[in-house]
Amino acid sequence: MSVNKEVKRITVHTLRRMKSKGERISMLTAYDYSMARILDEAGIEVLLVGDSASNVMAGHETTLPITLDQMIYHASSVIRGIKRALVVVDLPFGTYQGNSRKALGSAIRIMKESGAHAVKLEGGIAVRSSIKRILKAGVPVMGHLGLTPQSIYKFGTYVVRAKEEEEADQLRRDAKMLEEIGCFAIVLEKIPSKLAKEVAESVSIPIIGIGAGNDVDGQVLVTHDMLGITKEFHPRFLRVYLDLYAEIKKAAQSYLQDVKSRDFPNEKEQY
Ligand code: KIV
């Protein structure tokens, strides 16, 4: 695997160039300094401070409870860990829907207080005015369509979205609209791969998929899922690269045993 070392800092323009050259974009979530540092060093181009922190960091059932203050805390920790990656931060539920002034205020707080490079928010036409206002202030925006977890109580389930023509058509229109108003990229979550391919071919901005097949411009996964830290989550789209849950548990059990048996610390491990 070769990482493009010529690129110093990844910007929204880098991503656009990558799409035009057919170079795939890698994106993973990060919520803390230590993980961000590892992922950045590994060469991942985009780190997403996702509101999935609500699930994997805080143990909530949905992404809805996480607050703007909490997202800013996670984002500023991530920013301190990176040298190269573009850091995108989710605007949490309730901080941008319905009121574009409030949306701008939320985006500005994220940019000012965390040092992040861009924001992401869920939805199409319903949040158009919020996105326009944020963009007008000079803040890059990534869209998010398809399965949008902040709307889980409207959907009722986490099943594949846009299988029916009506919803697929709306998604096509939303993607075009997001491109036209100036979003720099769009995440498409859990939609049929044929539809994702069609959308990726119809817009000039990068389409980053999660559960959207291989014919898009890049992929994103929740880091805790692909490292096997989360346990009860096995969607078809997920590739698990490590069983870190078992590894960490094994290490903790070895430590426990060493403490109980008084093996730790030994002579060399003390002053
Ligand atoms: O919050 C998140 O992790 C996300 C990804 C699933 C795209 O939005």
Side-chain angles (χ1 to χ4, degrees), residues 15 24-32 35-36 39 44-68 70-75 77-78 85-97 106-107 110 114 116-124 127 131 140-152 155 158-162 171 174-175 178 183-191 196 199-200 205-213 216-227 229-230 233-240:
L15 303 187
R24 293 293 170 97
I25 298 161
S26 64
M27 172 159 134
L28 283 172
T29 59
Y31 318 106
D32 68 278
M35 187 67 83
L39 302 179
I44 301 298
E45 281 103 9
V46 187
L47 295 189
L48 172 66
V49 184
D51 58 0
S52 50
S54 179
N55 309 106
V56 297
M57 300 301 285
H60 292 295
E61 205 176 304
T62 72
T63 58
L64 274 65
I66 200 158
T67 67
L68 190 56
Q70 288 165 341
M71 290 302 293
I72 289 169
Y73 168 77
H74 286 299
S77 308
V78 167
L86 181 82
V87 176
V88 182
V89 183
D90 266 335
L91 280 176
F93 177 68
T95 66
Y96 62 92
Q97 296 96 338
S106 307
I110 286 178
S114 74
H117 311 131
V119 297
K120 171 164 90 56
L121 51 89
E122 297 181 4
V127 290
I131 296 176
V141 177
M142 175 182 270
H144 185 156
L145 300 171
L147 177 65
T148 47
Q150 292 179 11
S151 304
I152 187 58
F155 296 147
Y158 287 98
V159 295
V160 179
R161 304 304 314 176
L171 190 141
D174 284 341
L178 293 177
C183 287
F184 71 91
I186 303 172
V187 166
L188 290 184
E189 181 165 354
K190 222 169 172 187
I191 64 165
V199 173
I205 56 175
I207 297 294
I208 315 287
I210 173 164
V216 288
D217 307 301
Q219 298 292 330
V220 57
L221 285 176
V222 170
T223 299
H224 286 60
D225 296 340
M226 57 84 81
L227 293 181
I229 300 175
T230 40
F233 186 64
H234 307 286
R236 190 204 297 200
F237 67 77
L238 176 63
R239 187 175 292 180
V240 182

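Just so you know, ligand 1 is whichever comes first in the structure, and atom 1 is the first atom listed for that ligand.
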Under 3.5 Å, N/O to N/O: give me all the pairs between ligand 1 and the protein, one per line with atom names and distance.
| unit_1 | atom_1 | unit_2 | atom_2 | d |
| --- | --- | --- | --- | --- |
| ligand 1 | 1 (O) | D51 | N | 3.2 |
| ligand 1 | 1 (O) | D51 | OD1 | 3.0 |
| ligand 1 | 1 (O) | S52 | N | 3.1 |
| ligand 1 | 1 (O) | S52 | OG | 3.3 |
| ligand 1 | 1 (O) | D90 | OD2 | 3.1 |
| ligand 1 | 3 (O) | S52 | OG | 2.5 |
| ligand 1 | 8 (O) | K120 | NZ | 2.9 |

| Step by step, would you call E61 with N55 a side-chain hydrogen bond (donor to acceptor under 3.5 Å, both in side chains)? | CA-CA 6 Å; E61 205 176 304; N55 309 106; over 6 Å; no

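- The side chain to side chain donor-acceptor pair (under 3.5 Å) test with Y31 singles out one residue from S54, S77, S52, and that residue is S52.
- Residue F237 places its CZ atom among more than 12 non-hydrogen atoms of other residues, nucleotides or ligands, all under 6.0 Å distant.
- Annotation: salt bridge (Lys or Arg N to Asp or Glu O under 4.0 Å) contacts of K120 (sequence neighbours excluded): D90.
- Tested against L227, the residues D225, I229, T230 include a single side chain to side chain contact (heavy atoms under 4.5 Å, CB included) partner, I229.
- The two atoms that bring S106 and L91 nearest to each other are CB-CD2, 3.7 Å, heavy atoms only.
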